[in-house]
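In what follows, every chain begins at residue 1, and chains take the letters A, B, ... in the order their sequences are listed.
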2 protein chains.
Amino acid sequence: MVQIEGKCKEVLDKTEWIAIVTCGDSGPHLVATWGGYVKALKTENSGIIVIPAGFYNITENNLKKNNQVELLAASSKVQGTNGPGQGCSISGKGEIQTSGKLADMVKSKFSWARGALVITVEHFNTQL
Amino acid sequence: MVQIEGKCKEVLDKTEWIAIVTCGDSGPHLVATWGGYVKALKTENSGIIVIPAGFYNITENNLKKNNQVELLAASSKVQGTNGPGQGCSISGKGEIQTSGKLADMVKSKFSWARGALVITVEHFNTQL
């Protein structure tokens with residue numbers, strides 16, 4: 001597990017939405033969440049990203065066979081190397097948890113959620 | 001080719017950034033572009049999306065073996081079915097063009113670009 005810090009932390013805090021990709025038999029599957037949801041679910045451990053799971057059924061099936069997941073976030077409000085705007089890619093292992101502490105936290109904040117998509121961060125990189 | 005219209009057109013016009021995923025031997029590869037870039041490169045044909053290509057080297061290699069590409073865009077400023085916020089997923093065929101009409105158009109607007117990532121839209125769907 002790696003703690004997200006620096007520019008990537010800033011991008012995650014300011015991104016409007018986050019792209020989430022998993023791999024299945026028929027290729028990559030791309031879904032998303034709102035940045036505000038992830039901010040509301042932040043824990044003291046910045047090595048874990050908690051995302052409310054409403055549907056995410058294909059994502060869940062993909063993760064059962066291959067738990068590798070990639071995220072991408074971006075914000076024009078964060079300074080990049082050569083100008084305004086920065087992106088952050090994050091890779092790690094993902095799992096949908098429908099019970100337990102994190103799932104309960106998600107359900108208490110988002111009544112429509114069936115659980116938590118929990119991502120354990122392995123690598124993160126700025127894009128620009 | 002399918003023309004993008006309705007809510008998806010609105011999301012594409014208002015999204016801050018767009019996620020782009022291709023498939024390679026080592027799994028999915030996720031990159032992005034700014035929504036403003038795609039707006040600046042809009043043609044009369046809404047069945048084609050033109051994106052300025054700076055690097056995108058892994059994306060280009062992936063597309064040579066498997067030209068299937070997926071995009072995701074989202075904006076909290078577009079109304080969804082049950083509240084504010086809508087996303088749009090787009091799938092199609094992608095190609096990096098470093099010469100020709102579209103590449104020239106990209107280079108004339110973005111001096112840093114080496115060409116155009118041109119996506120021919122096959123399907124599009126709202127997310128929420």
Contact residues of residues 116-125 of chain A (partner chain B; heavy-atom separation under 4.5 angstrom): none
Within one Ile-Leu-Val-Met-Phe-Trp-Tyr cluster: Val50(B) and Val21(B), side-chain cutoff 4.5 Å: yes
Residue pair Cys23(A) / Gly27(B): nearest heavy atoms and the distance that separates them: SG-CA, 4.2 Å
Residues of residues 60-75 of chain A within contact distance of chain B, non-hydrogen under 4.5 Å: Glu70(A), Leu71(A), Leu72(A), Ala73(A), Ala74(A), Ser75(A)
Residue-level interface, residues 4-17 of chain A with chain B, non-hydrogen cut-off under 4.5 Å: Thr15(A), Glu16(A), Trp17(A)
hydrophobic_cluster_shared for Trp34(A) and Trp112(A), side chain cutoff 4.5 Å: yes
Within one Ile-Leu-Val-Met-Phe-Trp-Tyr cluster: Leu30(B) and Ile51(B), side-chain cutoff 4.5 Å: no
hydrophobic_cluster_shared for Ile49(A) and Val2(A), side chain cutoff 4.5 Å: yes
Value rounded to 0.5 Å, distance of CD in Gln127(A) from OG1 in Thr33(B): 11.5 Å
Other residues, nucleotides, ligands: >12 heavy atoms within 6.0 Å of Lys77(B) NZ: no
Proximity of residues 83-105 of chain A to chain B, residues having a non-hydrogen atom under 4.5 angstrom: Gly85(A), Gln86(A)
Which atom of Pro28(A) lies closest to which atom of Pro28(B), heavy atoms considered: CB-CB, 3.8 Å
Path from Tyr37(B) to Val78(A) over hydrophobic side-chain contacts below 4.5 Å: no
Nearest-0.5 Å distance that lies between atom CG in Leu128(A) and atom CZ in Phe55(B): 9.5 Å
Pick from Gly36(A), Ser76(A), Ala32(A) with the largest number of heavy-atom pairs that fall under 4.5 Å of chain B: Ser76(A)
